Amino acid sequence: MAGIEDKIPLTAHLEELRSRIIKIVILLVIIFSFCYWQSEFLLEFVTKPVVKHLPPDSSMAMLKLTEGFFTELKLSLMAAVFFGMPYILYQLWKFVAPGLYAHEKKYVVSFVIVSSLLFFLGAAFAYYIVFPFGFKFFLNYAKGDVIASLSLQWYLSFVVRLILGFGIIFELPVFVLFLSKMGLITADFMKKNRRYAIVILFIAAAIFTPPDVFTQLMMAGPLILLYEISVFVAKIFGRKSDLNEEDIYE
């Protein structure tokens, strides 16, 4: 009878993890090389939301001699992680797959597709919705004798933090799916503890965003919506206690 695989020694798990990490690193290096070749285009794309709202006589600035060089390196690495996310998620699934039931392992394609779409959706939400509203709001204070001069290095760190942050928090339904499949949480538990969860979500928004209320609210809003979606996910896909052993392993 096929079932969950026999217990594997810790050293075997570590070796498997090492193998997965090496594969991810190799792919990231390949994507990074291409992204660095196109770093000028990537930099123009990433700075477009803020440049569009810069007041007259304001500009992006290099405050250090090496700032432009390291900015392009960091941007290329961020883009490599961004475009390589489907493969990273695939390797993550393959790493945890030995601990899943036979009927759960077949969802690898669905997991990669849904997780990738959610990650890209979160990044797109940050770029196309949060950035335009946020930059327009804050740059309105650059008026009169005040001129905005934004550091490339600071701006990239700001963008990376928000894009990756939104990409990660949009994975909440997938994270809840795993926990509900393992029987660690249920939809009823999430409903009962909704008020505490909202507080935690606001704390998470404060961690992933810069220290200002505007961007924290822009992240907390989608997080609360995703939490409600996750409740539905836990209800539909959560582990059922009445499954018999034959149903599980077939």
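All figures in this text were calculated on a predicted structure; none of them were measured in a lab.
Transitive grouping of hydrophobic side chains (ILVMFWY, heavy atoms separated by less than 4.5 Å) brings Val29 and Phe83 into a common cluster. Taking hydrophobic clusters as Ile, Leu, Val, Met, Phe, Trp and Tyr residues chained together by side-chain heavy-atom distances below 4.5 Å, Ile22 does not share a cluster with Val25. In the hydrophobic clustering of this structure, Met78 groups with Tyr128; members are Ile, Leu, Val, Met, Phe, Trp, Tyr whose side-chain heavy atoms approach within less than 4.5 Å, directly or through other members. One hydrophobic cluster, built from ILVMFWY side chains closer than 4.5 Å, cannot hold both Val231 and Ile200; they sit in different ones. By the rule that hydrophobic residues join a cluster once side-chain heavy atoms approach within less than 4.5 Å of another member, Leu117 and Tyr90 end up as members of one cluster.
Closest of all the heavy-atom pairs between Glu72 and Ser39 is OE1-OG, 3.1 Å. Heavy-atom minimum distance, Leu172 versus Leu223: CD2-O, 4.1 Å. Closest of all the heavy-atom pairs between Ser115 and Leu89 is CB-CD1, 3.3 Å. Thr186 and Ala234 get closest at one heavy-atom pair: C-CB, 4.3 Å.
Proximity of a side-chain donor or acceptor of Ser230 to a complementary backbone N or O of Val233 within less than 3.5 Å is not detected. One N or O on the side chain of Glu67 and one on the backbone of Gln153 form a donor-acceptor pair closer than 3.5 Å. Remark: the backbone N or O of Met190 is paired with a side-chain donor or acceptor of Tyr227 at under 3.5 angstrom.
Rounded to the nearest 0.5 angstrom, Ile168 CD1 and Met85 CE are separated by 7.0 Å. One finds the CZ atom of Phe69 at 15.0 Å from the NZ atom of Lys64 (value rounded to the nearest 0.5 Å). Taken to the nearest 0.5 Å, the CG atom of Leu226 stands 10.0 Å off from the CD atom of Glu171. The CG atom of Leu75 sits 10.0 Å away from the OH atom of Tyr155 when rounded to the nearest 0.5 Å. The distance from the OG1 atom of Thr71 to the CE atom of Met62 is 7.5 Å, given to the nearest 0.5 Å. Distance CZ/Phe119 to CD1/Ile163: 8.5 Å, rounded to 0.5 Å.
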Verdict with supporting geometry, Phe32 and Val81, side chain to side chain contact (heavy atoms under 4.5 Å, CB included): CA-CA 8 Å; Phe32 170 83; Val81 173; over 6 Å; no
Side chain to side chain contact (heavy atoms under 4.5 Å, CB included) between Tyr36 and Leu77, worked out: CA-CA 8 Å; Tyr36 186 71; Leu77 179 59; over 6 Å; no
ring-ring contact (aromatic ring centres under 6.0 Å, His included) evaluation trace for Tyr127 with Phe166: CA-CA 10 Å; Tyr127 184 87; Phe166 272 92; over 10 Å; no
Derivation and outcome, side chain to side chain contact (heavy atoms under 4.5 Å, CB included), residues Phe135 and Lys52: CA-CA 9 Å; Phe135 294 146; Lys52 182 179 179 180; over 6 Å; no
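The local environment of CH2 in Trp154 is crowded, with over 12 non-hydrogen atoms from other residues, nucleotides or ligands closer than 6.0 Å. More than 12 heavy atoms of other residues, nucleotides or ligands shown are found within 6.0 angstrom of CZ on Phe125.
Contact annotation: the side chain of Leu139 approaches that of Val50 to within less than 4.5 Å [non-hydrogen atoms, C-beta and beyond]. Counting heavy atoms from C-beta on, the side chains of Phe34 and Ile30 never come closer than 4.5 Å. Residues Val160 and Lys74 are not in side-chain contact: their nearest non-hydrogen atoms beyond the backbone lie 4.5 Å or more apart.
For Phe120 and Phe170, the ring centers sit 6.0 Å or farther from each other.
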